[in-house]
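Computed from a predicted model, the values in this text were never measured in an experiment. Below, chains carry the letters A, B, ... as their sequence lines are ordered, and counting in each starts from 1.
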Amino acid sequence: MRSSILQTASQYLLPILLLFSVFLLLRGHYYPGGGFVGGLVASIAFVLHSFANGTENTLKIVRYKPLSLIPIGLLIASLSMFMPVLLGLPVMTGLWFEEPIPVIGMIGSALFFDLGVYLVVIGVVLTILFTISQNTH
Amino acid sequence: MSLALYFDYVIFPILTIAVLLVFIRLVKGPNVVDRVIALDLIITIGIGFITVYSIRTKEAIFLDVAVILALIAFLGTIAFSFYLEKTNNDD
Amino acid sequence: MIDNLIINTVLIHLFTAITQLIFWRKTVTQRILSVAGCFFGLVSAIRLFYKVYNQGILTMNAANWDAPFGIVFVADLFSSTLVLLTAIAGISVSIFSATGIGRARMLYGYFPIFHFLMMGLNGAFLTGDIFNLYVWFEVIIISSFVLMTLGGRKAQLEGAVKYMAMNILASTFFLTGIGILYGLTGSLNMASLALEVPKISNQALINITAMFFLIGFGIKSAVFPLYFWLPSSYHTPPSAVAATFGGLLTKVGIYALFRVFTLIFTPDEFMKGTFIVLAVMTILTGAFGALIKDNIRRLFSYLIVCHIGFMIGGLGLYTTLAITGAIFYLIHDIMVKTNLFLIAGLIRQLRGSMHMGKLGGIYAAYPKISLLIAVVIFSLVGIPPLSGFWPKIYLFNASFASQQWFYVAAILIGSIVTLYVIAKFWAQVFWKDACDDEIIVDNFQNLSKFKKGLLVVPILLMASVSVYIGLNAEVIIQVSTRISNELMEKTPYIQAVLGT
Amino acid sequence: MINILIAILSTVGALAILFASIGILRMPDFYLRLSVTVKAATLGIGLFLLCTAILFPDISVTTKAIAISFFLILTTPVAAHMIGRAAYKSGTPKWKGTVLDDLEKDYKNREDLQGIAKPETPEDSTIDPKK
Amino acid sequence: MMKHFLMNLLLSFIWVALTGSMYYSNFLFGFLLGFFILWIMNRNEDDQRYFFRVPKIISFLFYFLYEMIAANLQVAYDVITPKYFFKPGIVKYPMKARTDLEINLLSTIISMTPGTLILDVSEDKTTLYIHVMYLKDKDQFIAQMENGIEKKLLELLR
Amino acid sequence: MLFTVLSGLITSGLLIPFGKFFKSRWSVLLACLPILLFVYYFSYIPDISLGKTFNQEINWIPSLGVNLSFRLDGLSLLFSLLITGIGSLIVIYASAYLKGHQFLDRFFAYLLLFMSAMLGLVLSNNIILLFIFWELTSISSFFLIGFNNQQKESRKSALTALTITGIGGYFLLIGLLLIVYITGTASIDALFAQASFIQQHAYYPYIVGFVCLGAFTKSAQFPFHFWLPGAMKAPTPVSAYLHSATMVKAGIFVLARFTPILGNTELWSYTLLIAGGVTMVYAAIHSLFRTDLKGVLAYSTIAALGMLTFLLGLGTREALTAALVFIVAHALYKAALFLITGIIDHETGTRDLTLLSGLRKVLLPVFIAGTLAALSSAGLPLSIGFIGKDLIYEATLHGPQQLALYLTIIAVFTNVILVTVGFYAGIKPFLGPLPEAFQKVHLPYRAMWVPPLLLGILAFILGIFPHLLGGSLIQASLQVMDISTAPVNLKIWHGFNTVLLLSIGTLALGTIIYLVQKPTANKLAFIEKFNNLSPKHIFERMGALLLRFSDFYTNKIHNGYLRSYMLKIIIFAEVLIGYELLNSGPISIDFDKLSPISFYEGFNVLILIAAVLFTVSTRSRLSAVVGTSVIGYAICLIFVFYSAPDLAMTQFTIDTLTVVLFVLVLFRLPPFLNFANKLDKIRDGFVAISFGVILSIVALKVLQEPFETQVSDFYGQYAYSLAKGKNVVNVILVDFRGFDTMFEIVVLSIAALGVYSLLKLRLKSSEKE
Amino acid sequence: MELLLVFLIGVLYAAGVYLILRRSMVKLLLGIMLFGNATNILIFLLGNIVKGKPPIIGADFKVFQDIYADPIPQALILTAIVISFGLTAFAIVLLKRVYALINSDDLDDLNTPEEEDI
Ligand code: NA
Ligand code: NA
């Protein structure tokens with residue numbers, strides 16, 4: 001089930017999809033997108049790659065086990081949720097930097113939260129799919 | 001005749017008829033591969049639908065959906081091919 | 001009054017789970033983290049309970065949005081009591097798991113998922129938002145699916161498929177109900193729903209919506225004829241898991257039923273009647289099932305069903321007295337049912353089986369453990385003055401007042417059957433000599449003293465709580481009565497949340 | 001002016017899609033269906049996208065339109081190739097009017113070769129947990 | 001060659017910045033302007049490849065578009081008329097393209113052209129298996145491909 | 001008083017850690033406790049005789065009106081003395097009887113627990129507290145009866161006893177709670193004053209019924225008596241204690257306690273008379289045919305209990321006096337007889353009456369004790385039994401005019417047989433030749449034969465000096481039970497009258513029967529032929545029937561088929577929602593509120609529906625997956641049409657991933673098989689369509705209601721100004737309702753962990769659980 | 001349009017019910033998925049449905065200038081979709097395990113007799 005056409009396609013689709021996923025993540029607060037869809041697109045990028053090159057090869061690109069993305073993502077999301085508590089505010093209160101940053105716009109805890117979501121979604125989808133495909137071969 | 005009306009009475013009907021025809025193929029089969037390509041075509045037409053709809057409503061935001069569709073729709077087809085090559089029987 | 005303390009138990013379990021995920025495959029670390037997490041959870045739960053007990057309803061507006069715009073967390077006495085009980089059960093299960101769960105399961109995430117489950121339970125008790133409650137329910141069910149299948153034996157899978165199918169169905173009903181409620185009122189905040197729902201012109205629609213919640217939560221709390229998943233599945237997972245399930249999962253359903261049907265919906269005569277009929281049928285069904293089961297966990301499963309009926313009936317009577325009884329029963333039941341499944345696990349450690357026919361001789365070999373277990377099982381039966389006795393008095397009194405004689409009869413039958421099967425259980429498992437032909441696997445004997453302690457101490461802890469509940473019933477009655485009053489009189493809740 | 005342009009382009013696009021759908025329905029075998037549908041539909045969509053680029057003079061919209069076309073052109077042939085090959089391998093019948101099949105004998109040879117020289121070994125199905 | 005391309009891009013960005021309107025048309029105009037200026041400036045230098053390639057790409061695009069529309073029309077006609085005119089077949093095509101990118105571009109283009117579709121690539125990456133709708137003669141088809149699309153494409157890429 | 005009750009509980013609790021010590025010969029020290037208690041209560045006799053009562057109340061559960069409230073009056077003192085007195089002797093006896101037993105410490109723990117429970121029961125001044133101790137006696141006796149728990153019979157008897165008394169207990173509880181419910185008090189003191197109110201209440205018959213049910217099961221009245229002979233599986237000291245002197249009398253005590261509250265009505269009297277009468281005759285006849293010594297004693301005990309109930313039912317002052325005296329008399333001789341039986345069993349290894357004889361030669365002191373007890377049981381003048389019997393006849397003769405004769409006849413009949421069986425148990429084993437087998441039998445420890453001897457002697461002391469009892473305890477007890485306060489004067493000699501005649505006749509007849517009829521195995525076998533009609537058998541059959549029904553019901557309804565469960569749930573939902581729907585009035589569609597249908601939207605929905613039908617009907621799994629994809633993508637289009645781009649994106653990506661998942665998993669699954677028959681399909685289709693219709697109607701109705709937009713207006717208003725985002729959906733997801741999202745990703749994470757473990761974890765066979 | 005969606009909801013629920021009453025686990029899963037879709041559309045429908053006005057504030061504005069679609073049901077459905085994806089993924093893998101174990105997706109083959117309890 002190797003196809004050189006698919007393999008080559010996946011070589012350049014992977015960066016495109018990843019780029020696009022980050023794009024979706026960053027603009028989520030203003031336009032359709034956000035952590036979920038971003039994460040899903042990113043994971044689809046890797047899934048596609050694994051279809052073309054085999055799961056083992058994709059895992060080499062990812063370098064880390066997708067499973068380990070889950071706690072990282074959860075930690076980022078939950079810390080951005082927890083941060084306000086340290087400032088005496090209710091959990092999850094939005095915190096924002098005063099000035100907007102070019103390209104990204106306003107930086108705030110919501111963005112970190114979305115980043116956490118993004119990572120978790122990638123971790124989850126990849127864990128699920130890679131575990132299955134490793135199990136299937 | 002405004003563009004909106006033209007879209008409503010010409011473009012959309014053509015597209016719906018197209019979907020209908022493809023859907024007939026999807027139901028008829030006869031093989032799973034036929035259904036898979038029918039599905040693929042339905043999604044492609046869906047992208048067209050969304051594009052046309054965004055022109056019709058003048059809301060460019062819907063194009064974002066089309067981008068996603070265009071990027072990942074073929075994954076399903078790839079998955080089906082993957083499956084079919086693994087199992088030579090066509091359940 | 002805004003207070004982050006409310007959410008502490010949730011956060012503690014969340015961070016415990018995340019930390020454990022970081023220490024993936026480090027089982028010793030995970031065990032220590034688990035017990036520590038549960039301990040802090042317990043401390044936090046106690047603090048919350050005291051604060052609520054002394055200061056009244058606490059709320060926390062998540063993300064600092066005023067209700068009904070954001071998600072609000074509400075700790076009234078009902079929820080903080082349940083949080084406290086969950087914490088007690090949680091720490092017991094956590095300690096028990098340290099030796100009661102095989103290492104292989106720990107390697108594949110038993111502890112993090114257990115803590116996610118704990119988190120889900122706490123969240124479900126504390127949230128004041130109906131959709132958020134749905135999310136918590138999903139956290140609970142997905143973690144329970146995973147815990148249930150962890151290990152993947154055939155029986156486990158069978159149980160899990162049924163458990164899963166019906167619980168997802170339940171969630172769907174629940175979600176449908178939420179959708180309708182939102183369509184009718186445009187709100188998801190439970191306090192604001194409590195205000196909006198009576199204003200709807202077509203109250204029949206409200207009744208329809210209530211039915212969705214009834215069915216959704218009814219499935220979760222294993223009410224007849226929606227209970228099938230419970231006896232199909234609770235005998236399959238490891239006992240520590242079954243303990244969490246047996247003690248807490250169905251009770252979340254009960255909690256939700258009580259919450260929703262006191263705060264948002266006010267049952268009319270038909271609904272009350274429905275509850276009573278369901279209660280009676282639930283009790284009888286559980287009782288009949290318990291009579292014939294030989295596997296002790298299957299037996300306990302049916303007993304859970306049976307006793308769920310007691311509580312549902314309390315809701316059906318819908319008087320302060322009845323709800324007091326039901327709440328007391330709930331408190332008692334959480335402790336005892338959790339303990340029962342831990343005991344089942346211990347019995348398996350002692351004898352390598354869960355068939356009453358194959359078991360035996362425990363009393364002769366382990367008299368002190370046996371007596372400890374006796375305390376628990378007779379608490380379950382409600383031998384006075386142990387904990388199961390007092391709530392029944394309330395339920396009886398309340399049904400006298402409402403003249404619900406069928407319910408009285410059902411409680412009677414349920415109690416008698418419980419007494420009989422528990423006595424039989426005792427006679428078979430503890431008194432009887434172990435069968436000769438069956439090779440007994442006593443894993444317990446070879447354990448180190450510390451590990452033995454880890455298995456017995458949680459049972460002892462919860463047995464002590466049960467005994468405390470029984471002997472110091474006055475305190476529990478005070479708490480239950482206050483809860484019952486809070487439930488029946490919703491204005492303070494609404495005021496606390498909406499600040500009006 | 002723009003409206004008329006859009007109307008023409010979109011009509012052509014819609015018709016291309018319609019032809020694709022008629023094609024998928026009418027073609028006698030799978031390969032022909034595949035062959036017909038992929039490009040016509042892509043062409044149609046490309047034309048629609050051109051319309052959007054014309055209608056919204058916004059750089060982001062144009063970028064999106066270009067991106068969509070680009071992605072479609074990138075992915076569609078790959079998908080078609082994959083499903084076509086899979087169909088072929090799983091023995092989807094060809095139309096009786098098919099005049100030539102070079103693939104058939106080559107596949108046979110390859111399978112024979114593999115059967116002798118390189119017996120298929122299933123990949124290790126589980127990962128060593130200690131990794 | 002890359003130098004020229006980057007320079008051209010830079011010029012077009014400057015143009016966009018100067019005019020201050022972020023439209024593609026404006027960018028395109030800037031690009032063409034820059035191309036023209038660069039071409040004028042570099043007429044005497046040795047490396048003229050860049051200035052030939054850009055027109056080639058454009059002409060290739062038009063060629064491709066033309067092929068596509070023509071073939072589409074043919075297929076469309078065939079699709080809507082009751083009688084089938086086609087003679088399908090799977091052709092083994094020995095390609096000249098060698099690198100992955102070349103093969104991919106070639107196969108994409110072949111596949112995007114109506115009437116042809118890549119079914120497989122041989123494992124040694126020397127042969128394409130093309131499903132052809134109107135196969136009059138195998139050798140003629142191969143020759144047509146070699147001298148047509150493949151040649152033009154390889155010219156561009158090499 | 002609280003302390004006296006607690007002392008036993010504490011001691012039994014202490015036996016758990018210090019059991020080793022008391023397992024040794026020091027066990028006899030445990031007797032100190034009951035002896036001390038006996039002495040303590042003994043000291044109250046003078047005060048109580050003067051008609052005083054002592055109350056003690058400690059708050060426990062005031063909310064329920066359940067307090068540690070105790071009341072020492074004549075009745076409770078009488079029982080307390082019996083409990084502690086006989087208890088002392090039993091402890092001494094048992095320390096020898098079970099010497100060296102592996103679990104002696106547990107035995108004493110249960111025994112003391114039981115004693116405390118009994119004490120608590122009789123001392124309670126609160127009916128709920130009384131019930132608590134009542135249940136404690138049931139439970140502790142469960143452990144005592146099942147003490148020889150290796151034996152199947154023993155376990156079964158314990159279970160039967162607990163079941164029967166447990167059922168009774170719950171009925172008693174209902175009765176008691178009804179009393180509390182209608183009067184608002186649980187205090188016995190207070191209830192005395194409310195007697196007439198209770199008796200006039202509509203629930204009175206139920207109360208009587210429930211209380212009697214409880215009392216009858218505990219005191220082994222027909223038809224609940226059968227657990228008692230079974231309970232003889234317990235070690236003999238237990239039988240002696242529980243089944244003669246104390247536990248079975250708990251029922252009698254409750255009846256006596258409630259006589260002033262519930263008594264003196266026809267309902268009460270007839271219930272008790274009939275139950276008691278039937279019990280005593282039935283049990284008496286049975287006792288005659290037993291060959292097992294304990295069986296004989298068990299049935300005679302039942303007969304005696306019947307007699308007591310009967311007397312309480314009679315309810316006259318004389319009858320009550322008779323009952324009280326008979327309680328004492330019976331306790332003394334029956335305990336003695338049991339203990340003697342225990343000695344015989346212990347020394348000879350058998351209790352078979354047909355085998356035992358001549359034991360006087362080896363067990364002389366025991367023989368003396370047996371004779372004394374038997375004679376007291378027979379009602380020989382100068383024994384307390386004689387006085388008891390006299391009083392009984394007096395009571396029956398002075399009973400209601402039209403019944404007196406019949407009552408007397410059955411009383412005489414029962415007493416005659418009691419005489420006979422008293423002889424069987426107390427004398428017969430000792431007479432006649434000593435068989436070979438028993439030659440080596442020797443006298444047991446003093447601790448074993450002294451207690452029965454003491455009891456026998458006491459029976460005569462009280463018989464000779466009846467005023468010791470009558471003037472004090474009986475008098476005081478009567479005062480509690482009866483309103484009149486006339487002094488009680490127990491006499492040895494009433495003069496020549498009908499009563500004396502009856503007494504002597506009873507004795508003579510009993511002796512004659514003893515001489516004529518010998519219990520044999522054949523006769524036993526004969527009477528056991530009627531077992532099919534016996535209540536025990538009927539109860540067992542009912543139990544078996546219940547089990548069979550449970551089995552049928554449980555397996556029928558919980559049949560293992562998921563689809564059948566789902567069907568039930570769905571139908572249940574349809575019924576409930578459908579019912580409410582019927583109540584919700586007609587459907588009215590306000591077309592003005594609806595948005596117009598565009599051609600393409602309608603078409604999209606049609607495709608969607610077609611895809612649904614395709615998915616449902618296709619026979620190929622992969623095609624079904626294709627079908628669901630179409631559904632998903634069509635829904636995605638709906639979201640696009642209705643302004644939900646975020647949703648459309650998510651729905652689309654997730655649908656694609658789901659397809660990938662399905663496809664990865666579906667490898668090599670065989671095609672769908674057509675399992676269901678046509679009828680099932682039609683049924684399921686009907687159920688499914690009904691469900692769809694119901695949901696559609698519900699949706700339609702909800703649509704007609706005005707829609708509140710307060711919250712979404714707020715979001716629209718402040719999404720940018722406060723939450724700094726323009727995509728309101730995203731702002732809701734990460735800010736307004738960020739909590740949902742936070743825990744939704746937790747759900748995802750758990751699912752991933754689950755998938756990981758499900759596919760990777762393979763348990764070793766050693767880790768089965 | 002609402003009427004059409006109402007009808008659609010009915011069809012989806014009915015199909016979902018029909019499928020979960022089958023014996024095949026694959027059908028069960030498909031049924032559950034249809035159920036989920038039905039619920040989502042129900043929620044969507046019962047909110048305020050508006051055509052072509054996504055709840056996204058225009059680039060140059062700070063508040064909405066026009067009517068806009070109710071964002072709350074969208075957020076709820078989004079959450080529900082993602083959650084049910086998690087559940088579905090797990091269920092699908094469960095199906096895989098079941099199939100590996102009993103070599104069929106017939107739920108009846110999965111039933112374990114009580115004697116096999118531990
Ligand atoms: Na978003
Ligand atoms: Na509405």
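- Side-chain contact annotation: A/Thr55 with A/Ser133, donor-acceptor N/O pair under 3.5 Å present.
- Rounding to the nearest 0.5 Å gives a distance of 9.0 Å between NZ of A/Lys65 and OG1 of A/Thr127.
- Once rounded to the nearest 0.5 Å, the distance linking CG of A/Leu69 with OH of A/Tyr118 reads 10.0 Å.
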Scan the chain A/chain E interface and emit each donor-acceptor pair under 3.5 angstrom with its distance.
unit_1: A/Thr8; atom_1: OG1; unit_2: E/Asn104; atom_2: OD1; d: 3.4
unit_1: A/Tyr12; atom_1: OH; unit_2: E/Asn104; atom_2: ND2; d: 2.6

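- Rounded to the nearest 0.5 Å, atoms CG (E/Leu135) and CZ (E/Phe141) are 7.0 Å apart.
- For the atom pair A/Phe46 CZ and A/Leu59 CG, the distance stands at 10.0 Å (nearest 0.5 Å).
- Taking OG of A/Ser80 as the start and CG of A/Leu111 as the end, the distance is 9.5 Å to the nearest 0.5 Å.
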